[in-house]
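Below is one structure, written out as structure tokens; the observations come after it.
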Amino acid sequence: MSYNPNEIEAKWQKKWEDEKAFEPDDALSRKKKYILSMFPFPSGRLHMGHVRNYAIGDAFARYYRKQDFNVLHPIGWDAFGMPAENAAIKHGRHPKEWTYSNIDYMRKELNTLGLSFSKTREFATCDPLYTKWEQEFIIKMFEEGLLYRESTTVNWCEACHTVLANEQVEEGCCWRCDNEVELKEMPGYYLDIIKYADDLLGDLKQLEGKWPNQVLTMQSNWIGKSQGLEFNFELSEESKAKLGGNFEKYTVFTTRPDTIYGVTYSALAAEHPITKYLLDNDLVDADVAEKIVTISNMTEIERAKEGKEGYDLGLTVIHPLTREEIPVWTANFVLASYGGGAVMAVPAHDERDFEFATKYGLPIKRVIAGGDDLPYTAEGALENSELFTGMLNKEAQKEIIAMFEAKALGKGTTNYKLRNWGISRQRYWGAPIPFVHCDSCGLVAEKVENLPIALPDDVEITGEGNPLENHPTWKNCTCPKCGKDATRETDTLDTFVQSSWYQFRYATNPNKWNTTGIDKDDANYWLGVDQYIGGIEHAILHLLYARFFTKVLRDLGYHDIDEPFENLLTQGMVLMDGAKMSKSKGNTVDPDALVEKYGADTARLFTLFAAPPAKELEWNDSAVEGAFRFIKKLYDRNTKVIGKTLPTIDQSSLSKESKLARVKVYEALQKSTDVYEKTFAFNTLIAACMEALNALDKQDDGEVWTEGMYIMLNLLEPIIPHVTTELSEMLFERENLKAKLELKEEVFVQDSINYMVMIGGKKRAEVEVSPSASQEEILASAKEAGAKWLEGMIIVKEIVVPNKLVNLAVKPH
RNA sequence: GCGGAUGUGGUGAAAUUGGUAUACACGCCAGACUUAGGAUCUGGUGCUUUACGGCGUGGAGGUUCGAGUCCUCUCAUCCGCACCA
């Protein structure tokens, strides 16, 4: 019978389902592995990236199950989000209906791939039962002061009609629709992730060697911790008067306190309160005022493109040490969102300050020795710095901070680039933020017993405005505190909130899902995720938020886990003709069609064989054929097997070819542990199995074939589960899949050993010697074989590398 | 600019502690079988040279008996951040 993937795969998928083969053991007593591939957004259809992601995860899950671990390998749906609303606008389908029908379709697609997911722990993040617990967390965070509402300048995407978090802005554009992001002042809810900045940064250490370096540095840069000095510039008396006595001073932050004596001006952001006051009270010339307003309407990107731009504000401040009067400017390169929106400027030792000072003719004062040209930003000794003159600048940084602290002029402090996480979205298809606005009580959290605050189904989605805002009744409610009429918050939560805690929801036993969000014992047993697999595009967004949520939920008492994902594997993209597969480019491969034509095993084998998982995978139709050929060949060789158990083989009776075949089989076995547990180079394990099969094909010993198939089917089961299980049932009653396989050293013992003979560092000959040969004997035969190249030479050094080579270093006579 | 990675045949890629570079697969070439083949099987396939040999892991040096692997410098490509004071 020839290989028929569709029949075999349907058979085993049904059988696995009937056997409930992939449910974790609820006893929580055995050693465990939690294997998680990032859950999909239910867009409607699987793409090849999904296939790769889940093929990798499934290989881990199946491998560890075989090693007798209690394995949790769940799947669910990241189900809230914009595309559901877009579908509603475009095709008139309700987001809920669109989402759940997509889930049903994609679940079927996943089933045809034979993935070993737990079926009992599946959920969609739009299920009200999921929303319920998420809203509870949000309320707890509010009570703990980790969540607050504030009106500030936010990133606004007009196309998506919503606010975006800083992490969701890519080069000034929306991460989802690529529309240019605008700035807008509006109220929103924020999570105080900065409070956890140090924790998030410090714990990256724990992940070294377990997460890709690239991701660790990206997170570390994103958090952007810098230490320095914070101090106040006091306004001159004249300036105070000009500002109507409303301002005495303002705060600046510097990482270079050693250059403090080189300050020749100070600069404020266009949005700084003092700048604003000047504008509001017509204290600057009308044309200048207009230009400052123009700057504040520009995004940071636009300002950067514009070049340095600024205006003298006609104010002065007093240098805290020298008491000199220093001019105050406004400058477009000073960011309102960082370090208080004001800087001290040291043009001699800072490139930006230098550029600005040069453009506007501001004074430049050198205070660090070194280099010929200004600005000089490297290390050196201080000059023109009163009693610090002569001190090395590293040392001076500490000393100057100490002096500021001693004189109560300022203090050493830490700043982060990380901004607090804005979590409100002005959209319908998300988890409602469970708060109520009451005229007498202000902002009030909903009572926990009223959760979930579910979305109303009867909405009209037009793309204009927030459907919750426009719903006639939904937002009317009573205040949980005073009972008076109140209105519900109509913003919904960023979808990244859902994906920040789903790893804990899977871990919670489903029979507790009604009564608790996260079960502590379950979470402590299953977490951290032993192997997390997903795309590098989540390096900051999801992976940072999930780490943050883990720490917050830990501190709220839900579990005792510090880091959610112990080991992270970032898979490469699937490419076609060097470009990312995408519908708009028309270079996609449809997984359904692939499975239909070749079967799931071929699809899985190809994706794991064509490249190591972290690398990009270039699609290649004929290589898919190659993967199919291998499986077919493996299947056809079932006729070679002569016994139902692992045979005991008398090595000495075998031919050279049979011995070699055994070596290849056991080399593959040896490789498998390394691949599944350390290197993840599935491509090399598959190659080793191909070599083994090729070697088996060159001999005809039935027992060697039996042993070879017994072992190889076991090794390949995590990768191509259907065909291997089918063959295993046919040949070994599935016993070999459960068997603990052990290496047999005698297989590797060779009758003779080939030594490569190198003379003068070049490969010259090869000799075959007995394994028991002494070093002298080996050298003697090497010299004999290489006699031709030794003529007229003196051997200066003889090196014998056991089982490998002889190297004779020579020089002319 | 800062940070991270990657450079090996025609292509995807292999190569424990430094120890026969190019395993495995695709492609290509030749042959067999076949009415036919985009099926299957067998053999070949780094470059160069008539040959002996020489040269080959982005480039240049270095360490070593021996370097894809270690060190120094350099070039190229990709990714991330990007006026963070």
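Values below: every heavy atom of this structure, side chains too, minus hydrogens, waters and symmetry copies. Quick note on labels: first sequence line is chain A, next is B, and so on, each numbered from 1.
Formation of a donor-acceptor pair under 3.5 Å by the A/Q750 side chain with backbone atoms of A/P771 is not found in this model. Listed for the A/T377 side chain is no donor-acceptor partner under 3.5 Å among the backbone atoms of A/D350. For the pair A/H319 (side chain) and A/F233 (backbone), a donor-acceptor distance under 3.5 Å is absent.
When the C1' atom of B/G66 is taken as reference, atom OH of A/Y755 falls 16 Å away, rounded to whole Å. Between the C1' atom of B/C78 and the CG atom of A/L575 lies a distance of 12 Å, rounded to the nearest Å.
Only the P atoms considered, B/G68 is 13 Å distant from B/A60, to the nearest whole Å. The separation of B/C28 from B/G12, taken at their P atoms, amounts to 16 Å, rounded to a whole angstrom. For B/C65 and B/C73, the P atoms lie 24 Å apart once the distance is rounded to whole Å. With both ends at atom C1', the span from B/G53 to B/U34 equals 44 Å, rounded to whole Å. Going from the P atom of B/G9 to that of B/U69 covers 15 Å, rounded to whole Å. Distance noted for atom P between B/G58 and B/U64: 23 Å (whole Å). Between B/G27 and B/A39, the distance separating the two P atoms is 8 Å to the nearest Å.
Evaluation of the side chain to side chain contact (heavy atoms under 4.5 Å, CB included) rule for A/W619 yields A/M48, A/V574, A/M576, A/M581, A/V589, A/L594, A/F606, A/D621, A/V624 as partners, not counting sequence neighbours.
Using modelled atom types and a 3.5 Å distance limit, the side chains of A/S672 and A/D674 yield no donor-acceptor pair.
Ion pairing of A/D258 with A/K394 is absent here, as no side-chain N (NZ or NE/NH1/NH2) approaches a carboxylate O to less than 4.0 Å. By the 4.0 Å N-to-carboxylate-O rule, A/K225 lies close enough to A/D198 to be salt-bridged with it.
Two residues, A/W789 and A/A681, neighbour RNA chain B, and the one matched to the more 5' nucleotide by heavy-atom proximity is A/A681.
B/G4 adopts an anti glycosidic conformation, its chi angle falling more than 90° from 0.
Stem list for RNA chain B (at least 3 consecutive Watson-Crick or G-U pairs, distances under 3.5 Å): B:1-7 with B:75-81, B:10-12 with B:24-26, B:27-32 with B:40-45, B:46-48 with B:53-55, B:58-62 with B:70-74.
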Which pairs, protein N/O on one side and nucleotides 83-85 of chain B N/O on the other, fall under 3.5 Å?
unit_1, atom_1, unit_2, atom_2, d
B/C83, O3', A/R352, NH1, 2.7
B/C83, O2', A/F333, O, 3.0
B/C83, O2, A/K308, NZ, 2.3
B/C83, N3, A/K308, NZ, 3.2
B/C83, N4, A/R303, O, 2.4
B/C83, N4, A/A304, N, 3.0
B/C84, OP1, A/R352, NE, 3.3
B/C84, OP1, A/R352, NH1, 2.3
B/C84, OP1, A/R352, NH2, 3.1
B/C84, O5', A/R352, NH1, 3.3
B/C84, O3', A/Y338, OH, 3.4
B/C84, O2', A/K417, NZ, 3.4
B/A85, OP2, A/S226, OG, 2.6
B/A85, OP2, A/Y338, OH, 2.7
B/A85, O3', A/T254, OG1, 2.8
B/A85, O3', A/T255, N, 2.5
B/A85, N6, A/L335, N, 3.3
B/A85, N6, A/L335, O, 2.9
B/A85, N6, A/Y338, O, 2.9
B/A85, N1, A/L335, N, 3.1
B/A85, N3, A/R352, NH1, 3.3

Sub-3.5 Å pairs of nitrogen or oxygen atoms, protein against nucleotides 68-70 of chain B:
none

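The ring of A/F682 has its center closer than 6.0 angstrom to the ring center of A/Y676. Ring to ring, A/H542 and A/F496 are not that close: their centroids are 6.0 angstrom or more apart. Taking the centre of each ring, A/Y360 and A/W329 come in below the 6.0 Å mark.
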Footprint string (nucleotides 2-7 of chain B, 5' to 3'): B base within contact, S backbone only, - free, heavy atoms under 4.0 Å:
-SSS--

Once base and sugar-phosphate atoms are separated, protein heavy atoms under 4.0 Å mark nucleotides 23-33 of chain B, 5' to 3', with B, S and - as BBSSS------

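Under the side-chain contact (heavy atoms from CB on, under 4.5 Å) test applied with A/F609, the options A/I719, A/I686, A/T684, A/L617 reduce to a single match, A/I686.
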